[in-house]
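Heads up: the structure comes next, in structure tokens.
Each chain gets a letter, A, B and so on, in the order its sequence line appears, and its residues count up from 1.
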Number of protein chains: 2
Amino acid sequence: MNDTRATAAPGGQALLFLTDEQLRKGIEAMFFAYRGFTADPDRILEDKAYGRAHHRAIHFISRSPGTTVNNLLSILGVTKQSLNRVLRTLIEDGLVESRVGTRDKRERHLVLTEVGEALERELSDAQRTRMRAAYREAGPEAVQGFRAVLEAMMDPELRRHFNQLKEAQDG
Amino acid sequence: MNDTRATAAPGGQALLFLTDEQLRKGIEAMFFAYRGFTADPDRILEDKAYGRAHHRAIHFISRSPGTTVNNLLSILGVTKQSLNRVLRTLIEDGLVESRVGTRDKRERHLVLTEVGEALERELSDAQRTRMRAAYREAGPEAVQGFRAVLEAMMDPELRRHFNQLKEAQDG
DNA sequence: ATTTTATGTCAGTGTTGTTGACTTTCCAAG
DNA sequence: CTTGGAAAGTCAACAACACTGACATAAAAT
């Protein structure tokens with residue numbers, strides 16, 4: 001069923017014979033899996049007045065407490081106007097605190113409040129539960145492969161961000 | 001660096017010790033990778049008057065030529081009004097043909113025209129190129145794991161659709 | 001003193017999703 | 001044959017979330 005073939009090549013490198021069909025299935029897998037990936041947080045946010053954009057902001061503020069608006073912008077890849085709309089509501093609702101920088105007073109450092117952290121936990125618990133179940137079902141070797149392919153799929157700039165986040169608490 | 005640990009458990013099953021941090025990194029990998037995944041088609045569509053929704057419709061019509069609107073709806077998971085707006089422009093622009101069903105004349109069977117297939121090729125070529133590069137970089141075992149985790153992450157209904165598409169040309 | 005950077009804000013626009021209401025077509029059961 | 005309901009299409013209104021462009025403020029850098 002899984003006919004991704006590998007053969008030893010002269011250089012000791014494994015060569016992949018990837019048919020268009022196999023690649024197409026990878027593409028569809030990404031599409032369907034991403035729907036599942038966002039389904040649980042979406043359900044939680046649907047009641048509250050927030051959407052996916054709020055979730056992303058909350059996630060990365062939680063991940064890098066005290067991050068600046070500019071840093072968040074380059075991670076999320078949206079315009080400042082778009083991010084600002086989201087941040088404004090989160091600050092107004094008391095989920096995020098915006099602190100003027102000490103060294104550079106132009107910068108705003110973003111941190112989650114208690115309430116913000118509670119929502120972050122609720123959202124990430126749901127997402128982690130699905131991820132954990134998928135990892136268990138697929139097995140440990142699969143997890144390594146999953147991460148390797150995803151990382152290889154990222155744009156270089158995003159990959160840099162991804163690995164910087166990793167270093168913060170993992171490396 | 002990749003510290004997803006696996007240990008042989010009594011039942012012969014491998015046990016995974018997944019920390020919240022490891023799961024979180026999987027979540028972030030999905031987020032960043034999906035951005036890369038959609039980046040190339042987005043760039044192509046940006047010039048033309050189409051968006052991601054058009055791409056998705058074109059992809060699945062190409063994948064299952066003659067599919068009905070209802071089938072497409074359950075694959076894409078949007079409302080008929082939303083899909084209809086997209087299909088209407090694609091039909092008006094001569095990329096998609098809508099054929100009245102022969103057995104059931106209420107149904108519309110959707111197929112790509114020559115022009116539609118040309119755009120589909122352009123889009124999927126771009127997406128496959130990235131996927132192929134990622135597969136090559138990650139290696140053949142990683143590809144297996146990638147697909148296994150993604151499939152485990154899908155909602156059951158979407159997983160059914162995914163596997164039905166597979167059977168069509170792979171099983 | 002001037003320029004650049006970081007941030008915030010206002011106004012307008014586009015894509016993509018939603019609900020709700022309504023019509024047309026047409027299969028199938030009574 | 002009539003009627004109920006499913007499939008498809010349409011119209012209107014609306015919301016989330018992205019975009020561009022223009023402009024304001026404060027502070028750092030030159």
Look for any protein N or O under 3.5 Å of an N or O in nucleotides 10-16 of chain D and output each such pair with its distance, or none.
residue: dT10(D); atom: OP2; partner: N84(B); partner atom: OD1; Å: 3.3

## Note on the structure
To the nearest angstrom, the CG-P distance between L90(B) and dG9(D) comes to 13 Å
## Note on the structure
All heavy atoms of V149(A) vs all of A138(B), minimum pair found to be CG2-CB, 3.6 Å
### Query
Is it true that R99(A) and E97(A) have a side-chain N and a carboxylate O under 4.0 angstrom from each other?
yes
### Task
State plainly whether one hydrophobic cluster holds both Y50(A) and V111(A), where clusters connect Ile, Leu, Val, Met, Phe, Trp and Tyr through side-chain heavy atoms under 4.5 angstrom apart.
no
### Query
DNA chain D: T68(B) or S82(A), which has the more 5' nearest nucleotide?
T68(B)
### Task
Could you tell me the separation between the NE2 atom of H109(A) and the C1' atom of dT7(C), rounded to a whole number of Å?
12 Å
### Query
Quick one, which residues of residues 97-108 of chain A touch DNA chain D with a heavy atom under 4.0 Å?
R103(A), D104(A), K105(A), R106(A)
### Task
Starting at atom NE2 of H55(B), determine the distance to atom P of dT15(C), rounded to an integer number of angstrom.
17 Å
### Query
How about F60(A) and F32(B): are their ring centroids closer than 6.0 Å?
yes
### Task
Round to the nearest Å and state the distance from L73(B) atom CG to dA8(D) atom P.
8 Å
### Task
Respond yes when some side-chain nitrogen or oxygen of N70(B) is under 4.0 Å from OP1 or OP2 of dA8(D), and no when none is.
yes
### Query
Does the side chain of T79(A) get closer than 4.0 angstrom to OP1 or OP2 of dC19(D) through an N or O atom?
yes
### Query
Do the side chains of R24(A) and Q127(B) get nearer than 4.5 Å, heavy atoms only?
no
### Task
Would you kindly give the CD1-to-P distance between I58(B) and dT16(C), to the nearest whole Å?
11 Å
### Query
Is R132(A) salt-bridged to D20(B), going by a charged N under 4.0 Å from an acidic O?
yes
### Summary
To the nearest angstrom, the CG-P distance between L76(B) and dG17(C) comes to 8 Å
### Salt bridge present between R130(B) and D155(A) (N-O < 4.0 angstrom)
yes
### Task
Only one of R63(B), R159(B), R147(B) passes salt bridge (Lys or Arg N to Asp or Glu O under 4.0 Å) with E28(A); say which it is.
R63(B)
### Summary
Whole-Å distance, E46(A) CD to dG17(C) P, equals 16 Å
### Step-by-step side chain to side chain contact (heavy atoms under 4.5 Å, CB included) determination, V100(B) to E107(B)
CA-CA 6 Å; V100(B) 174; E107(B) 293 181 342; over 6 Å; no
